[in-house]
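What follows is a set of notes on a single structure, which appears directly below.
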Amino acid sequence: MRGAVIERGAAPRLRRLTPLAVVLTALGGLVPAGVLAQALPPPVDAQGRLDPRWRVVGLPEQKPPLTRYTADLVDGRTALRIDARGSYGNLVLERPGLAAPQRLSWAWKVEQANPAADLRTKAGDDSPAKVCLSFDLALERVPFVERQLLRLARARTAQALPAATLCWAWGHAEPVDTVIDNPYSRRVRTIVLRGHANGSGRWFDESRDVAADFRRAFGDESPELPRLLALGLAGDADNTQGHSIACIAALQWIP
């Protein structure tokens with residue numbers, strides 16, 4: 001996840017993007033349970049359909065196709081299937097100004113891995129599955145050079161580009177439990193939770209302390225957890241021109 005939000009059907013993406021445009025787009029504390037329920041409609045509703053409040057978005061002037069997101073019943077679980085075939089695109093739920101949850105949990109599995117993926121490099125910056133939170137980090141917290149690039153990017157795109165995006169990713173060859181700066185922009189930082197050693201076809205349950213992981217990734221800029229801008233689910237294969245298939249289920253905010 002690394003670009004400005006566009007609506008489905010917008011112009012295709014230019015493959016070479018300037019660093020100032022390569023920032024995840026539109027992508028704490030306790031809030032009442034009713035607010036939490038409203039805050040996180042699952043991507044697949046009770047009728048087994050994609051919830052329209054989640055939008056598939058991509059990059060400005062995107063050339064690769066959008067990643068395909070579909071509702072499915074997988075091993076008896078209501079799940080989101082992410083099919084990335086030389087593609088890019090995020091499934092985004094915008095929630096600007098909402099307090100971040102204490103914990104975020106989900107289950108996921110990879111049915112087909114992408115052996116060419118490597119989140120440490122631009123050429124390999126693909127993943128079969130990511131869960132991301134975008135935060136409204138105060139601009140003065142951002143290092144000077146990156147701050148100027150972000151200001152310019154916001155002016156060019158007319159979008160509310162986030163100053164900080166934290167992703168939890170299924171990697172491949174990257175060391176598990178490491179924090180990786182996105183090779184396009186340090187405004188996106190990723191914690192690798194799983195990789196090829198886990199194999200494909202098995203479900204894994206995750207439960208993350210959002211504040212602790214944010215401090216781990218962005219603690220050099222802010223010890224406090226900012227308000228949210230958006231939640232994103234993603235899988236991409238545009239850099240490697242590969243093909244991956246993953247499933248995400250049981251996505252929950254935990255107060």
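If you read the sequence from its start, that first residue is 1, and numbering goes on from there.
- Residues in residues 213-234 take part in these ring pair (Phe, Tyr, Trp, His ring centres under 6.0 Å) pairs, two or more places apart or across chains: Phe135-Phe214, Phe214-Phe218.
- Shown here are the ring pair (Phe, Tyr, Trp, His ring centres under 6.0 Å) partners of Trp168, two or more places apart in sequence or in another chain: Trp106.
- Residues that satisfy the side chain to side chain donor-acceptor pair (under 3.5 Å) test with Glu174, not counting sequence neighbours, are absent from this structure.
- For Thr190, there are no side chain to side chain donor-acceptor pair (under 3.5 Å) partners, not counting sequence neighbours.
- Between Tyr69 and Trp54, the gap from one ring centroid to the other reaches at least 6.0 Å.
- Residues that satisfy the salt bridge (charged side-chain N to carboxylate O under 4.0 Å, His left out) test with Asp118, not counting sequence neighbours, are Arg120.
- Other residues sharing a hydrophobic cluster with Ile180 under the 4.5 Å side-chain heavy-atom criterion for ILVMFWY residues are Leu119, Val192.
- Counting only residues at least two apart or in different chains, salt bridge (Lys or Arg N to Asp or Glu O under 4.0 Å) contacts with residues 207-219 comprise Asp177-Arg216, Arg208-Asp213.
- Between Glu221 and Arg189 there is a salt bridge, since a side-chain N of the basic residue sits under 4.0 Å from a carboxylate O of the acidic one.
- In terms of heavy-atom proximity, Asp236 sits nearest to Asp125 at OD2-O, 3.3 Å.
- Among residues two or more places apart in sequence or in another chain, the side chain to side chain donor-acceptor pair (under 3.5 Å) test is passed with Gln112 by His243.
- When the salt bridge (charged side-chain N to carboxylate O under 4.0 Å, His left out) test is applied to Asp83, no partner is found at least two apart in sequence or on another chain.
- Listed by first and then second residue, the salt bridge (Lys or Arg N to Asp or Glu O under 4.0 Å) pairs that reach into residues 106-116 are Asp75-Lys109, Arg81-Glu111, Lys109-Glu111, sequence neighbours excluded.
- Between His196 and His172, the ring-plane angle classifies as tilted under the 30° and 60° cut-offs.
- We find that Asp220 and Arg186 are joined by a salt bridge, their nearest charged nitrogen and carboxylate oxygen being less than 4.0 Å apart.
- Apart from Val74 itself, the hydrophobic cluster it occupies contains Trp203, where clustering links Ile, Leu, Val, Met, Phe, Trp and Tyr at side-chain heavy-atom distances under 4.5 Å.
- In the hydrophobic clustering, where aliphatic and aromatic side chains (Ile, Leu, Val, Met, Phe, Trp, Tyr) are joined below 4.5 Å either directly or transitively, Val176 stands alone.
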